Amino acid sequence: MILSEYALENHPSVFYVPNFVTGQEEEYILRKINGAPKPKWKTLSNRRLQVWGGDVSANRLIPQRLPPFLNSFPDIIGRLRETGAFISSKHGEPNHVIVNEYLPGQGIMPHEDGSSYHPVVATISLRSHTVFNYYRYQPQNDVLDVSFNSDTLEDRKRSSSTQRGRPVDPQPVLSILLEPRSLVITTGSFYTEHLHGIEAVSEDVLRPADATEGLDHDVAGVLVANRRQLHDAKTKDVAMNGGILQRETRVSLTCRDVERVMGFQG
Ligand SMILES: O=C(O)CCC(=O)C(=O)O
Ligand SMILES: [Fe+2]
């Protein structure tokens with residue numbers, strides 16, 4: 001696989017790969033996630049999650065073995081290594097995976113993933129599409145309310161952080177549509193200088209691609225930057241010509257490399 005072939009038009013440090021896992025693999029992984037012991041789930045205000053690979057504390061991983069559904073069948077970790085995206089990270093592949101589950105209407109506030117991780121993140125989407133947004137901080141002199149961040153403090157303390165008090169521009173700089181079974185890889189300034197998040201909505205309104213070329217600012221909806229790279233014909237049609245996509249329950253795998261690892265705990 002040649003990763004550069006999957007770079008977004010105009011944004012060469014973000015890669016979108018449709019069908020990174022097959023439908024059968026998707027079903028298998030979802031069965032394993034749903035079969036995990038109940039205490040494995042952590043419930044937050046606006047989604048629930050599982051952490052695999054160990055806990056991160058003070059920028060270090062207290063490692064635990066990854067389960068076979070991530071590194072054996074299917075070998076997600078090996079496949080991510082082969083993309084080459086993690087070539088300059090310490091372990092050459094992710095050692096940490098967060099499973100997030102979002103019901104329709106749930107999302108994640110704009111945040112940065114922070115310095116515990118090598119600045120590359122690979123995210124696999126299962127079952128439902130979503131629209132994933134990148135945001136920038138306001139230029140220093142602008143003043144704007146930050147209160148559109150609606151998650152709880154607990155949520156904010158987890159892996160997410162925004163630079164305290166720095167106002168965020170609520171208008172995304174980039175939006176991409178993540179299809180079920182796809183992979184998105186974020187590197188470069190989109191990791192180090194931007195925030196990312198998912199709006200807490202139950203449907204996504206997409207605007208026709210040609211509407212932005214005129215001066216038609218009144219057309220509602222988002223224009224997704226990867227519209228020409230989408231796999232599913234119906235989804236692509238909506239992304240090109242406008243329309244509404246209903247969200248289902250989405251499960252995502254956020255895969256990263258924690259470079260500092262403490263002694264193995266088994
Ligand atoms: O679910 C996603 O795609 C994003 C999750 C995320 O940003 C995180 O866990 O840090
Ligand atoms: Fe994140």
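As the structure lists them, so they are numbered: ligands from 1, and atoms in each ligand from 1. Quantities reported herein were computed from a predicted structural model and do not represent experimental measurements.
Residues Glu193 and Tyr137 bring no donor and acceptor atom of their side chains to less than 3.5 Å of each other. Between Asp204 and His129, the side chains place a donor N or O and an acceptor N or O closer than 3.5 Å (distance only, hydrogens not considered).
Applying the ring-ring contact (aromatic ring centres under 6.0 Å, His included) test to pairs two or more places apart or on separate chains, none has a residue in residues 221-245.
Val201 belongs to no hydrophobic cluster, as no Ile, Leu, Val, Met, Phe, Trp or Tyr side chain comes under 4.5 Å of its own.
Contact annotation: Glu112 has no heavy atom less than 4.0 Å from any atom of ligand 1.
Exactly one of Phe132, Tyr135, Tyr134 qualifies for a ring-ring contact (aromatic ring centres under 6.0 Å, His included) with Phe190. That residue is Tyr134.
No part of Glu101 comes within 4.0 Å of ligand 1, judged by heavy-atom distances. Here Asp113 has side-chain heavy atoms under 4.0 Å from ligand 1, and that is the only part of it that gets that close.
Close contacts between ligand 1 and Asn100 involve ligand atoms 5 (C), 9 (O) [criterion: under 4.0 Å to a heavy atom]. Close contacts between ligand 1 and Arg256 involve ligand atoms 10 (O) [criterion: under 4.0 Å to a heavy atom]. Those atoms of ligand 1 that come under 4.0 Å of a heavy atom in Thr254, given as number and element, are 5 (C), 9 (O). The distance from ligand 1 to the heavy atoms of Tyr102 drops below 4.0 Å at these ligand atoms: 1 (O), 2 (C), 4 (C), 5 (C). If you number the atoms of ligand 1 from 1 as listed, the ones under 4.0 Å from a heavy atom of His196 come out as 7 (O). Within ligand 1, the atoms closer than 4.0 Å to a non-hydrogen atom of Thr123 are 3 (O), numbered from 1 in the order shown.
In this structure, Leu61 and His96 approach most closely via the heavy-atom pair CD1-CD2, 3.6 Å.
At distances below 3.5 Å, not a single donor-acceptor pair connects side-chain atoms of Ser128 with backbone N or O atoms of Arg250.
To the nearest 10 degrees, the angle centred on the Fe ion (ligand 2) between OD1 in Asp113 and NE2 in His111 reads 90°.
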